[in-house]
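The analysis underlying the following values was restricted to heavy atoms, covering all of them including side chains, and did not include hydrogens, waters or symmetry mates. What you see is a predicted model; the values in this text were computed from it and never measured. Letters go in sequence order (proteins before strands), and every chain restarts at 1.
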Amino acid sequence: MINTMDYQLKLASLISVVTKIPKEKLYFLIKEPTKGIEADWSINCFTLRSFIKKDGNEIAVEIEEKIRNIVHNHPFIFKVVRVGPYLNFILNEIYVFNELFTQVNKNFSSFVRSGFPQDNLITVVIEFPSQNTNKPLHLGHIRNIVLGQTLVSFHEFAGNSVHQVNLLNDRGVHICKSMLAYKRWGRNTTPNKSKLKPDHFVGKYYVTYSRHEAKLKQSVQKEIQELEEERKKSKTERDLAKIKKLKSVIQNSKYGKLQQKLTDMLVKWENGDPEVRKLWSKMNSWAISGFEQTYKIFDLNHEKVYFESNIYDKGREIVLDGLEKDYFVQLDDGAVIARFIKKGLPKEKVLLRSDGTTLYITQDIFLAMQKMKDYNYDMSIYVIGNEQDMQLRTLFEILSILGFSGKNIHYSYGMIYLKSGKMKSREGIIVDADNVVEDIRELSVQEVKNRYSNLSEKELNYRAQTIAMAALRFFILKYEYTRDFIFDLEESISFEGETGVYLLYVYARICSVFNKGIQDNIQVPYNPHKNAQIKWHYPSKIPAFSPYERNLILQLSKYPNVLFDSYKALKPHLLCRYLLELAQFFNIFYHECPILKEEKEIRELRLSICEIVRIILKHGLNLIHIDILTEM
RNA sequence: GGAUCCGUUGCCCAGCCAGGAUAAGGCACCGGACUUCUAAUCCGGUGAUCGCAGGUUCGAAUCCUGCCGGAUCCGCCA
């Protein structure tokens, strides 16, 4: 499909015709000029010197002449202006508006996809947020979920077949910690009885355990440190008697005994001890039912959930098979390892312990194979924070050694820090996901109340909830995803400036114009109350555009390209930045250009522009899972 | 110690892949705009040796090298 509104590409083709330089090469040389330059697109002919061995100014003069002869065949160009080595192109906004109006109204769906190739559709598995079941979701998970959902939308929009899955890490030492604490201090109470959200209830015991452990650890802190130092020494220098003594002191301390209890419980779990298993499934079901409440707020549904408890000891056969094929190496003690020489990877990675048991990475290998069996995917995206960069690189390298065919992508997003530093769930220093949502919601309840005191409780809550989620999602998505950021509820979540609320406001403003029009018996393109488009027509006459209208129209015409760039690079912030800019242009337009009180021709034109902004804004927000409001 | 990522105004952040004109926004601050289609908005102003030093280039925030500063990771844990 050809995107007729990709003027960058059209200009590249045009210049290609007169210079014989391939248009693919020219495409990226055509840029949007710095603000303040009167041009929509421009090319600096110095950049063409590798193709044409002349001075940049001369090249510009030559191209300009040649283009002048054929520019009348390209009505989308209004004017070409040469400034030194620069060729500046000014587009014909009436032509652009014409195309925009036609495409948006006649076939919106093919318009928004016009940057996307329609062949080559693929099957994609996207895994997130893959949390542990020992504590509630926190702010990091929110970023994970919000990013993951956006990737799902992007791929679905591209026409790919998308499978959204999760891996629940529901077994292991961390779960045993919550269990142990519950056994000791829980007194058989339940989330219901203690009036806690069930995952918070479970998390409470995890924190209790960790604090208790830290306290006990203190009494043998010195010994632990000494032991570590001794172990760091080379084998010949180690004082074996000292190590033995230190070990014994640690083991016999309260801390050591606690550690032993933990290990015992883990072994019991693995052996299927009924009592341990019963407690385990009880606590897990609490955690999961808590997660589900949070998922509901984020409208998160997985097609499939993999449970670590089902697969933790799988993958052994795959590794042994690899060993047989000499992909891996077996050590003297029986452990199977993979060796790497690539930069950025560890020298080796253990895949099977010397006793033959599996490790986390073994299960990861298995899961990759399982996903392939389940979905026969072309691409598998792991939405996981950048602290696991090395683990994922290692996993992908092993898969590649095994001749694994699927394309794996670690969608490695940045950490979220608090003013006080990194979140530490063990110490309970976290920003809890449910609390964040609740705090923002309360904030928006206040804001809505300040403006409208007479709303029904239901309407108030609906608006506040929509605004809160828009603010939260947009706040996360507007940052480039690899970037770390510092979260401070007070300062970070604002309803002014570059926010999701700013975008919602534009949408509500447009609806408000339409409502007023309907009220005054003026024909408008959309009825917000009925959520219905009204039969609309091309403006009967196009007078000259003001700069405010012109900016908006050109911005609107770029939408398909932004969508594709955003999808291609999996960078939601590109779409977010675009929508902000669109909203900015709209607010300026709204401020400068009266709509309903204008004469018919101008009114129809401006209403048409409003409607296109509304449609595109809604579409963009929908892709990043932000619901719109027709009144706010 | 090694690996990976990051460093742009008082603060937040885009631009870096594909080097070019006056480095784009937002917050905060100062000054303006609501008898008008929603002021959760708009207009104006103040504010940047793009971490430092070299190199490549006619030209570097962008590419290369070194250094400084910060984060993360480097388990037969999960």
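- Geometrically, A:Arg614 engages A:Tyr526 in a cation-pi contact defined by less than 6.0 Å to the ring centre and at most 45° from the axis.
- Heavy atoms of other residues, nucleotides or ligands lying less than 6.0 angstrom from CD of A:Gln446 number more than 12.
- Within the 4.0 angstrom heavy-atom criterion, no nucleotide atom of any strand lies near A:Phe514.
- Using a 4.5 Å heavy-atom threshold, the side chains of A:Phe475 and A:Phe485 count as touching.
- Among pairs with a residue in residues 345-358 of chain A, those fulfilling salt bridge (Lys or Arg N to Asp or Glu O under 4.0 Å) read A:Arg339-A:Glu348, at least two apart in sequence or across chains.
- Among residue pairs with one or both ends in residues 565-579 of chain A, those qualifying as salt bridge (Lys or Arg N to Asp or Glu O under 4.0 Å) are A:Glu480-A:Lys571, A:Glu498-A:Arg577; sequence neighbours excluded.
- A side-chain contact (heavy atoms from CB on, under 4.5 Å) with A:Val319 holds for exactly one of A:Leu352, A:Ile361, A:Ile337; it is A:Leu352.
- No donor-acceptor contact under 3.5 Å links the side chain of A:Arg171 to the base of B:A78.
- Counting distance only, with no hydrogens placed and no angle test, the side-chain atoms of A:Lys35 and the base atoms of B:U22 include no donor-acceptor pair under 3.5 Å.
- Evaluation of atom-type donor-acceptor distances gives a pair under 3.5 Å for the side chain of A:Asn88 against the base of B:A21.
- The shortest distance between the side-chain N/O atoms of A:Arg483 and the OP1/OP2 oxygens of B:C13 is below 4.0 Å.
- Helical stems in RNA chain B, defined as runs of 3 or more consecutive Watson-Crick or G-U wobble pairs with donor-acceptor distances under 3.5 Å: B:1-7 with B:68-74, B:10-12 with B:25-27, B:29-33 with B:41-45, B:51-55 with B:63-67.
- Remark: A:Glu38 CD is loosely packed, at most 12 non-hydrogen atoms of other residues, nucleotides or ligands lying under 6.0 Å away.
- At a threshold of 4.0 angstrom between heavy atoms, the contacts of A:Tyr452 include nucleobase atoms, whether or not backbone atoms are also involved.
- Looking at the side chain of A:Tyr417, the nearest of the listed nucleotides B:C37, B:A71, B:G2 is B:A71.
- A:Lys478 comes within 4.0 angstrom of nothing in the nucleic acid, heavy atoms only.
- Between A:Thr482 and A:Arg509, the residue anchored nearer the 5' end of RNA chain B, judged by the nucleotide with its closest heavy atom, is A:Thr482.
- Counting non-hydrogen atoms under 4.0 angstrom, A:Ile486 reaches nothing in the nucleic acid.
- Residue A:Glu387 places its side chain closer to B:C73 than to any other of B:C42, B:A18, B:C73.
- For A:Asp355 and B:C76, a side-chain-to-base donor-acceptor distance below 3.5 Å is absent, hydrogens and geometry of angles not being considered.
- Residue A:Tyr479 has its side chain nearest to B:C12 when only B:A18, B:C42, B:C12 are considered.
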Pairs under 3.5 angstrom, nitrogen or oxygen only, protein versus nucleotides 59-61 of chain B, please.
none

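- Distances were taken from every side-chain heavy atom of A:Thr34 (C-beta onward) to each of B:A18, B:A39, B:U22; the shortest belongs to B:U22.
- Taking a 4.0 Å limit (strictly below) on heavy-atom distances, residues 37-46 of chain A reaches RNA chain B at A:Ile37, A:Ser42, A:Asn44, A:Phe46.
- Residues A:Tyr505 and A:Tyr502 place their aromatic rings such that the two centres sit no closer than 6.0 Å.
- If you check residues 565-577 of chain A against RNA chain B, the residues with a heavy atom closer than 4.0 Å are A:His573, A:Arg577, listed by number.
- Checking B:C13, B:C37, B:A28 against the side-chain heavy atoms of A:Glu496 singles out B:A28 as nearest.
- Out of B:A18, B:U4, B:A71, the shortest distance to the side chain of A:Lys343 is found at B:U4.
- Comparing the C1' positions of B:U49 and B:A53 gives an interatomic distance of 14 Å, to the nearest angstrom.
- Within the cation-pi definition used here (under 6.0 Å to the ring centroid, within 45° of the axis), A:Arg463 qualifies as a partner of A:Tyr452.
- Here the nucleotide nearest the side chain of A:Tyr505, chosen from B:A39, B:A71, B:G25, is B:A39.
- Side-chain atoms of A:Ser494 and base atoms of B:C27 include no donor and acceptor less than 3.5 Å apart.
- Each of B:U36, B:C37, B:A40 was ranked by its minimum atom distance to the side chain of A:Lys597; first place goes to B:U36.
- Under 4.0 angstrom from either OP1 or OP2 of B:C37 there lies no side-chain N or O belonging to A:Arg603.
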